[in-house]
Amino acid sequence: MAKSKLVKANEKIAEGVVEGYKKIEDGVVGGYKKIEKGTVNGFNKVADKFVCQFLTKEGESVEEARRRLEREEEQRRSRAGERHGHTAGGADHGNGGK
């Protein structure tokens, strides 16, 4: 019977430890997510302001400017790949993929 009480007490302690760990884990993860979200949102605001201030054309929204810039970048990459003989899947640069 004494062994049964010890086993039950041990299980109760283990449950308490696990619950405590979960609370700490949730707090740390939640705090990290808040910091990450704030950082990403702050970066996006700065990036949008930069695009608005320096990269938009007359009457163009930030979203339209971003899409235009992405298209232009893709065209530049495509032209650069054609000039250098690269394929869409990449090139092995003459080293057999090593």
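The model shown is predicted, which means the values in this text are computed figures rather than measured ones.
- Between Arg68 and Thr56, the closest heavy-atom pair is NH2-CA, 4.2 Å.
- Counting only heavy atoms from C-beta outward, the side chains of Asn44 and Val40 approach each other to under 4.5 Å.
- Tracing side-chain contacts under 4.5 Å through hydrophobic residues (I, L, V, M, F, W, Y), one reaches Phe54 starting from Leu69; they form part of the same cluster.
- Using a cut-off of 4.0 Å between Lys/Arg side-chain N and Asp/Glu carboxylate O, Glu19 and Lys23 are scored as not salt-bridged.
- The main-chain N or O of Glu72 is never found under 3.5 Å from a side-chain atom of Gln75 such that the two would form a donor-acceptor pair.
- In this structure, the separation between CD on Glu15 and CD on Glu11 is 7.0 Å, given to the nearest 0.5 Å.
- Salt bridge annotation for Glu73-Arg76: present, with a cationic side-chain nitrogen under 4.0 angstrom from a carboxylate oxygen.
- The nearest pair of heavy atoms linking Gly59 to Glu64 is O-OE1, 4.0 Å.
- Val46 and Phe50 fall into different hydrophobic clusters, defined by Ile, Leu, Val, Met, Phe, Trp and Tyr side-chain heavy atoms under 4.5 Å apart, directly or through other members.
- Here the closest heavy-atom approach between residue Arg66 and residue Asp48 is recorded as NH2-OD1, 2.6 Å.
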